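Below is one structure, written out as structure tokens, with a few remarks after it.
Here the structure is a predicted model, which is why all the values come from computation and not from measurement. Side chains are part of it too, since the values below use all heavy atoms of this structure and drop only hydrogens, waters and symmetry mates. Throughout, a chain's letter reflects where its sequence line sits, starting with A, and its residues are numbered from 1.
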Amino acid sequence: MHDLKMVRDQAAALRDGMRRRGMLDQLEPVIARLELLDRDRRLAIQAVEERKAARNAASQEVGRRKKAGEDATDLQAQTRALGEEIARLETELQETEGALQKGLYEIPNITLPAVPAGDEAQNTVVRSWGTPRAVDGVKPHWEVGEALGLFDLARGAKISGSGFIVYRGAGARLVRSLMNLMLDLHTRDHGYEEVWVPVVVNRASMTGTGQLPKFEDDMYVLGDEQGFLIPTAEVPLTNLHREEILDASQLPMAMCAYSPCFRREAGAAGKDTRGLLRVHEFDKVELVRYCRPEDGAAQLELLTGHAEQVLQLLGLPYRVVLLAAGDTGFSSAMTYDLEVFSPGVGKWLEVSSCSVFTDYQARRAGIRFRAEKGEKPQFVYTLNGSALAFPRVIAAILEHGQQADGSVIVPEALRRYVGLDVLR
RNA sequence: GGACAGGUGGCCGAGUGGUUGAAGGCACCGGUCUCGAAAACCGGCGUACCGGCAACGGUACCGUGAGUUCGAAUCUCACCCUGUCCGCCA
């Protein structure tokens, strides 16, 4: 969420930000309306507060007179009338503020200057690592995985529905191994605090990170509509210090968590969804950081590097893509996608998305810090990134490590966790 | 799930329907004193919004929301959360 002052004082920058996302035409009416509502709001506040001040003074006078044994019925009548007027004006004010907030929720974050303007055609590969394996003769992971008995798509569909995966035997151990490898790396080498989070969160948390109110259709909602299954550990991790004022010495804060992630993927069907490529429940290790505003850009590079390290350890060729403004997520100011090459599918698969949200999420979630004693609190910058999402990593392992006899070489860093050198 | 008890500033804790944004204490910050420190003493010490160049003024906030009242931290109702006991349970 943007600061209302943005609309008031930096409307040009806001419009330019929307133009870079290719959304200005669509959002111009919203912005114009917000400018009007902002004026209305301030006028309404002044009107209400003026009357409240009068009422407070009169009420005190009533109290004084009563104490002195004097009559105050005239003042009481006058104050009652003021009260009715206040109630009416406040209702109007609330309507204005409701409309204002609704409008603010519709405006995405402004991307950083380094982000190319335009749609996804302007996405830029900023670097790549490793050499993708030749596509010829490589079977897609769903064939390999089922042949080796690592996972069972049909039975997953039977017990839960399409898009739910059952991993079995070495496949199940592979999942557990990925969790351990990633958490060990980030906690031991990258300095993250390990956190184990609930996978059910409340409405306030979902709103704090921006999944609600806009994306409720993508969520699994519990029966009482108060609980939601998390679509990513970003939600509980980022909300951990919601509505708090942190001490500057706590920054930067770095947390990581494994969690299952639940996504209804409403409306998503067709190609690109086979095998493990797009499922309703998957596992992921997530990194979240809070930092001071001036560190935001550097912290994004750092966090992205941490995610890349996992791919390097696993020996999986990947590229880092800087998303163009139009392809950058709603709340994000700058995003790097990590894409691993899938020779069996012949495509680059997104396995991580690393973003800095500037103060956009923090404002919404009320995460602040005090730079110096006595100074005003200010919003932190929040960042997050997957490091990594398991299913596509598993797909890449099965395709890259594939041998002529159908067996799969286990990446060296994973062997001590899996207890096997080769899956056969 | 049931029965009680309770939710006040960073923490502890007082609070009578009316000059209470809220006593007192702790912590913290500045100062005096000291060679230095401690102690003592003096002062400061919440957040947000509105107006104002500023000084400053105004408004709101005592778990959340609604209500009663001229006026609510204080009274009423609902909800949320915490504690204790009972029941159930991995």
Inset, instruction - Give a yes/no answer on whether the side chain of A:R64 brings an N or O atom under 4.0 Å of OP1 or OP2 in B:G18. - result: no
Inset, instruction - Between B:C26 and B:C85, how far apart are the P atoms? Round to whole Å, please. - result: 34 Å
Inset, instruction - In plain terms, say whether A:E216 and A:R203 are close enough for a salt bridge, that is, a side-chain N and a carboxylate O under 4.0 Å apart. - result: yes
Inset, instruction - In plain terms, say whether A:D16 and A:R19 are close enough for a salt bridge, that is, a side-chain N and a carboxylate O under 4.0 Å apart. - result: yes
Inset, instruction - Provide the distance between the two P atoms, one in B:U16 and one in B:C89, to the nearest whole Å. - result: 45 Å
Legend entry - Distance between C1' atoms of B:A39 and B:C49 (Å, rounded): 43 Å
Legend entry - C1'-based separation of B:U74 from B:U32 [nearest Å]: 41 Å
Inset, instruction - Please state how far atom CD in A:Q60 lies from atom C1' in B:C70, giving the value in whole angstrom units. - result: 12 Å
Inset, instruction - Rounded to whole angstrom, note down the P distance from B:G18 over to B:U76. - result: 15 Å
Inset, instruction - Considering only atom C1', compute the distance from B:C28 to B:G83 and round it to an integer number of Å. - result: 30 Å
Inset, instruction - For each nucleotide in nucleotides 56-67 of chain B, reading 5' to 3', give B when a protein heavy atom comes within less than 4.0 Å of its base, S when such contact involves only the sugar-phosphate, and - otherwise. - result: --BBS-------
Less than 3.5 Å apart, which donor and acceptor atoms pair up between the side chains of residues 148-158 of chain A and the rest of the protein, not counting sequence neighbours?
unit_1 : atom_1 : unit_2 : atom_2 : d
A:D152 : OD1    : A:A154 : N      : 3.3
A:D152 : OD1    : A:R155 : N      : 2.9
A:D152 : OD2    : A:R155 : NH1    : 2.6

Inset, instruction - Test A:T382 against every option in A:E234, A:R289, A:Q361 by the side-chain hydrogen bond (donor to acceptor under 3.5 Å, both in side chains) rule and name the one that passes. - result: A:Q361
Between N or O atoms, less than 3.5 Å apart, protein on one side and nucleotides 45-48 of chain B on the other: list the pairs.
unit_1 : atom_1 : unit_2 : atom_2 : d
B:U47  : OP1    : A:R370 : NH1    : 2.6
B:U47  : OP1    : A:R370 : NH2    : 3.4
B:U47  : O3'    : A:R368 : NH1    : 3.0
B:A48  : OP1    : A:R368 : NH1    : 2.9
B:A48  : OP2    : A:K376 : NZ     : 3.1

Inset, instruction - Compare every heavy atom of A:C291 with every heavy atom of A:L383, then report the nearest pair and how far apart it is. - result: CD1-SG, 3.8 Å
Inset, instruction - Decide whether a cation-pi geometry holds between A:R364 and A:F379; the criteria are a distance under 6.0 Å from NZ or CZ to the six-membered ring centre and an angle within 45° of the ring axis. - result: no
Inset, instruction - Round to the nearest Å and state the distance from A:Q76 atom CD to B:U69 atom P. - result: 12 Å
Inset, instruction - Could you run through RNA chain B and flag its stems, i.e. three or more consecutive Watson-Crick or G-U pairs with both distances under 3.5 Å? - result: B:1-7 with B:80-86, B:10-12 with B:24-26, B:28-32 with B:40-44, B:46-51 with B:56-61, B:63-67 with B:75-79
Legend entry - Check: A:E294/A:Q299 side-chain N/O donor and acceptor closer than 3.5 Å: no
Legend entry - Those residues that, when tested against A:E308, pass side chain to side chain contact (heavy atoms under 4.5 Å, CB included) (two or more places apart): A:R127, A:T304, A:Q312, A:Y318, A:V320, A:L338
With a cut-off of 3.5 Å and sequence neighbours excluded, list every side-chain donor-acceptor pair involving residues 239-256 of chain A.
unit_1 : atom_1 : unit_2 : atom_2 : d
A:N239 : OD1    : A:R242 : NE     : 2.8
A:N239 : ND2    : A:S205 : O      : 2.8
A:N239 : ND2    : A:T209 : OG1    : 3.3
A:N239 : ND2    : A:V235 : O      : 2.8
A:H241 : ND1    : A:E244 : OE1    : 2.9
A:R242 : NH2    : A:S205 : OG     : 2.7
A:D247 : OD1    : A:S249 : N      : 3.0
A:D247 : OD1    : A:S249 : OG     : 2.8
A:Q250 : OE1    : A:D247 : N      : 2.8

Legend entry - Nearest-Å distance once atom C1' is located in both B:G24 and B:G15: 11 Å
